[in-house]
Every structure is written in structure tokens, then in C-alpha cells.
Chemist: 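Below you will find the structure I want to go over with you.
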Amino acid sequence: MPELPEVETSVKGLNILIGLKVYKVKIYTKKLRYIIPKSIIKIQKDSKIINIQRIAKYILIHFSSNFSIVVHLGMSGRLKIQSELTKRNKHDHFIIYFKNSKILVLNDPRKFGFIDFDHTKKIYSRKYFTVLGIDALSKKLNINYIYNKISKSEVPIKQILLNQHIVSGIGNIYANEILFDSRISPFTKGKNLKIYQLTRLIKSIRKILVKAIKYGGSTIRDYASSDGTLGNFQSNFFVYNKEGKKISKFAIKKVIQYGRSTYYCPELQKE
DNA sequence: AGTGAGGCCTGAAAGC
DNA sequence: TGCTTTCAGGCCTCAC
């Protein structure tokens, strides 16, 4: 599912858990993408959530016991806040029970997500964090940075936007929307992008993601924020999932690029 | 070192 | 209607 706006929306919803005391942690499925560390039960008993944070598409939950959990939602993962009386659903893999009878549930049908756990101090040096490029919403994302990263690249810009090691947080939906917004062809190689295009691209990244967050992310399958409300940005899609639709008499095309769907308007996004 | 295919899973939708 | 195939908000690993 989730790209930066959906993860950001989840984190906002999870903030109501701050201050709650844990009384039990339970693993119902041992292995998602990776095996859930058994040591995660160390957070049990009177440890409180003190902060929740987003890094790229990862969610970090920090506990007063100086332990932290990392959650990655993969393609189909979702965090739900429910009452402990709620019946456990299919694909509910991991649950934190709180003393006020609320529970935090990770549901992930495809199991492409994962959960990690360690001391707060140590968690930030995980490989999957250290390799990340600048966050798509960071003020540090500027022309210099992008130019240095891609001015020699033979890779099409669509693929570059999906590379979390260059800019982190953008996924397939928003890569399509961002390229349309900046009127850049998804096939243009990094080295062929003009400075004025990079300027537009950076503006579009921020504009599209900020707007998507404002709408609570996109719900195209079953994505919902932690309180169950549905994101609404999909009604603002210009190109994603819009094959054959027209934008001022120009049709939107779909092609498969590196195994992912690319939607674009050839007349408005020329190479 | 950089690049691109394959694989990990399940379920909904499309195709026949 | 029912069976089969395709496709999906991600990302790691492994050949080249």
C-alpha cells in the first residue's frame, strides 16, 4: 500500500497512543517479510509509548523503556487501533495490548511488511535506514542534491523517483502523479533532465505529497488510517489508474516500466 | 558500481 | 457460473 502520505497519515492517527501503558505484546504470525524478533516481548509491562515517528516509509514507535519498534507496511500492511474486545481478523499478525483496553494491530495480507525491534540507540543504524536518500518532504531536497545524484544516470526518471536511496518516500502512485504535474516524461533519463525541469520536479514532489497528506492519503484498495477513516486523495489523481481517460483531448497511456505500471500523457509529457 | 529481472505473498478483478 | 490468469501503494537478492 503505502507511500509517504499514507505512512504519514498512519503516524498522525497513532499519536493518540502516546502515553499509553503496554501490558502485553503478542506475535500471531512469526514471519512476515522477516521473522519478527522474539525479543520484542521485552517491551511488555508498564512501558509507555513516548513518541511515534516516520522515516521515509517506515514507522518508528519509541517506548519509555528505551526500546523501539520499526514497522514497514510493505504493499498491503495496515496498523489499526481497536478495542481488545474486537475479534481478531484474518491477517492480524501482531498486536500490542494497552492497559486502557485499546490494542494496536498490524494486519498485512501479503506479508511484504516487517517488524523490527531493538534499543532506541541502536535502531537508527539499521542498514535499511542508513542507505536512504533525502526524505521527499525534506527542505534539504534541492537542485544541487538531485543534480549530483542523477546528472550522469542512464536510468529513466520514473525509476529514479522510485529509488529510495536517492529520494525516499515516493512510490508508484505518486511517482506517476509527480511526473505528470511537472510535465516530465517518465522515460527521460536522469542525465538528460534540464535544470528547469529539476526545479519543477522538486516543486511537484512537495506539492503532490503535501496535498495527498491533506486528503489523508489515497485509498485504492483497502488502505485506511489507523482509526479506520479512508484517505481521499485518489479523487485527485490525474493519471494513476486513468488509462484511456482524457486530459484536454489527450489520452492517458499505460505502459509497464521495470515491472511497474507507468501512467502518463504522451502529449503533455514529452521526452 | 550500477542495472534489471525474479521472488516474496494473498486476494480482487479480469479474462475465458 | 466457475476456473485461470493477471495485477497490486515495496523492496531485497542475485546474476550480469
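The analysis underlying the following values was restricted to heavy atoms, covering all of them including side chains, and did not include hydrogens, waters or symmetry mates. Just so you know, these numbers come straight off a predicted model, no measurement behind them. Numbered from 1 within each chain, the chains take letters A, B, ... in sequence-line order.
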Chemist: Under 4.0 Å: is that the gap between some side-chain N or O of A/Lys111 and OP1 or OP2 of B/dC8?
Modeler: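 Looking at the OP1 and OP2 atoms of B/dC8, neither is under 4.0 Å from any side-chain N or O of A/Lys111.
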Chemist: Using side-chain heavy atoms (C-beta onward) and a distance below 4.5 Å, is A/Ile205 in contact with A/Leu161?
Modeler: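 Yes. Closest side-chain heavy atoms under 4.5 Å.
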Chemist: Taking the side chain of A/Arg110 as heavy atoms from C-beta outward, which of B/dG11, C/dA8, C/dG10 is closest to it?
Modeler: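 So the nucleotide nearest the side chain must be C/dA8.
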Chemist: Hydrophobic clustering (ILVMFWY, side-chain heavy atoms < 4.5 Å, transitive) - are A/Ile166 and A/Ile178 grouped together?
Modeler: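 Yes: a chain of side-chain contacts under 4.5 Å links A/Ile178 to A/Ile166.
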Chemist: For A/Arg33 and for A/His91, find the nucleotide of DNA chain B with the closest heavy atom, then tell me which residue's nucleotide is more 5'.
Modeler: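 Per heavy-atom nearest nucleotide, the more 5' residue is A/Arg33.
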Chemist: Side chain of A/Val155 only, please: which of C/dC12, B/dG11, B/dG4 is the nearest?
Modeler: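 Minimum distance to the A/Val155 side chain belongs to B/dG4.
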Chemist: What distance, rounded to whole Å, do you find between the two P atoms, one in C/dT6 and one in B/dG6?
Modeler: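 Straight-line distance between the two P atoms is 14 Å.
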Chemist: With respect to the side chain of A/Tyr240, which nucleotide from C/dG10, C/dA8, B/dT3 is positioned closest?
Modeler: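 It is C/dA8.
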Chemist: Base, sugar-phosphate or nothing for A/Tyr258? Non-hydrogen atoms, less than 4.0 Å.
Modeler: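 Result for A/Tyr258 = sugar-phosphate.
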Chemist: Tell me, yes or no, whether the heavy-atom count around A/Lys24 atom NZ, taken from other residues, nucleotides or ligands under 6.0 Å, exceeds 12.
Modeler: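 Buried by this count: over 12 neighbours within 6.0 Å.
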Chemist: Taking only side-chain nitrogens and oxygens of A/Gln164, does any of them come within less than 4.0 Å of OP1 or OP2 of C/dC11?
Modeler: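 For A/Gln164, the contact criterion (side-chain N or O under 4.0 Å from OP1 or OP2 of C/dC11) is met.
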Chemist: May I ask you to say what A/Tyr34 touches in the nucleic acid, namely base, sugar-phosphate or nothing, with a heavy-atom cut-off under 4.0 Å?
Modeler: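 Sugar-phosphate contact only.
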Chemist: Less than 3.5 Å between a donor and an acceptor, one on the side chain of A/Arg260 and one on the base of C/dA8, is that the case here?
Modeler: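 Answer is no: no donor-acceptor pair is held.
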Chemist: In whole angstroms, how far is the C1' atom of B/dG4 from the CD atom of A/Gln257?
Modeler: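 The distance from CD of A/Gln257 to C1' of B/dG4 comes to 12 Å, rounded to the nearest Å.
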Chemist: Could you check whether A/Lys152 gets within reach of a base, just the sugar-phosphate, or nothing at all, counting any heavy atom under 4.0 Å?
Modeler: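 No contact at all - A/Lys152 keeps every heavy atom at 4.0 Å or more from the nucleic acid.
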Chemist: Just how far, in rounded Å, is P of C/dC11 from CG of A/Asp116?
Modeler: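 Taking atom P of C/dC11 as the reference, CG of A/Asp116 is at 15 Å.
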Chemist: In whole angstrom, give the distance that lies between atom CD of A/Glu243 and atom P of C/dC7.
Modeler: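 That distance rounds to 11 Å.
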Chemist: So, is A/Lys57 near the phosphate of C/dC11, with a side-chain N or O under 4.0 Å from OP1 or OP2?
Modeler: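 For C/dC11, OP1 or OP2 has a side-chain N or O of A/Lys57 closer than 4.0 Å.
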Chemist: In whole angstrom, give the distance that lies between atom CZ of A/Phe112 and atom P of B/dG11.
Modeler: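 In whole Å, B/dG11 P lies 12 Å from A/Phe112 CZ.
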Chemist: Give the rounded distance in Å between these two atoms: NZ of A/Lys31 and C1' of C/dC12.
Modeler: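 Result: 12 Å.
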Chemist: Please state the P separation for the pair C/dC14 and B/dC9 - nearest whole angstrom.
Modeler: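 Pairwise P distance, C/dC14 against B/dC9, rounds to 15 Å.
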Chemist: Looking at A/Ser76, I'd like to know whether one of its side-chain N or O atoms comes within less than 4.0 Å of OP1 or OP2 on B/dC9.
Modeler: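 So the side-chain polar atoms of A/Ser76 never come under 4.0 Å of the phosphate oxygens OP1 or OP2 of B/dC9.
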Chemist: Please identify which of these residues, A/Phe237, A/Phe238, A/Phe250, meets the ring pair (Phe, Tyr, Trp, His ring centres under 6.0 Å) condition with A/Phe180.
Modeler: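 Result for ring pair (Phe, Tyr, Trp, His ring centres under 6.0 Å) with A/Phe180: A/Phe238.
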Chemist: Should the pair A/Phe233 and A/Tyr215 be assigned to parallel (<30°), tilted (30 to 60°) or perpendicular (>60°) ring geometry?
Modeler: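 Correct class here is perpendicular.
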Chemist: Send over the distance from A/Asp108 CG to C/dA8 P, rounded to a whole Å.
Modeler: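 Atom CG in A/Asp108 sits about 18 Å away from atom P in C/dA8.
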Chemist: Going by the angle between their ring planes, with limits at 30° and 60°, are A/Tyr240 and A/Tyr263 parallel, tilted or perpendicular?
Modeler: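 If you compare the ring of A/Tyr240 with that of A/Tyr263, the planes turn out perpendicular.
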Chemist: Rounding to an integer number of Å, can you tell me how far A/Lys149 NZ sits from B/dG2 P?
Modeler: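 Result: 9 Å.
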Chemist: With a cut-off of less than 4.0 Å, is there a side-chain N or O of A/Lys127 near OP1 or OP2 of C/dC12?
Modeler: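 The answer is no; no side-chain N or O of A/Lys127 sits under 4.0 Å from OP1 or OP2.
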Chemist: Tell which nucleotide pairs with B/dC9, taking only Watson-Crick or G-U wobble pairs whose two distances are both under 3.5 angstrom.
Modeler: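 When the pairing criteria are applied, nothing turns out to pair with B/dC9, so the answer is none.
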Chemist: Across the strands shown, which category fits A/Phe114 at heavy-atom distances under 4.0 angstrom: base, sugar-phosphate, nothing?
Modeler: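 Counting heavy atoms under 4.0 Å across all strands, no contact is made by A/Phe114.
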Chemist: I need the CG-P distance between A/Asn176 and C/dA8, as an integer number of Å.
Modeler: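 It works out to 10 Å between those atoms.
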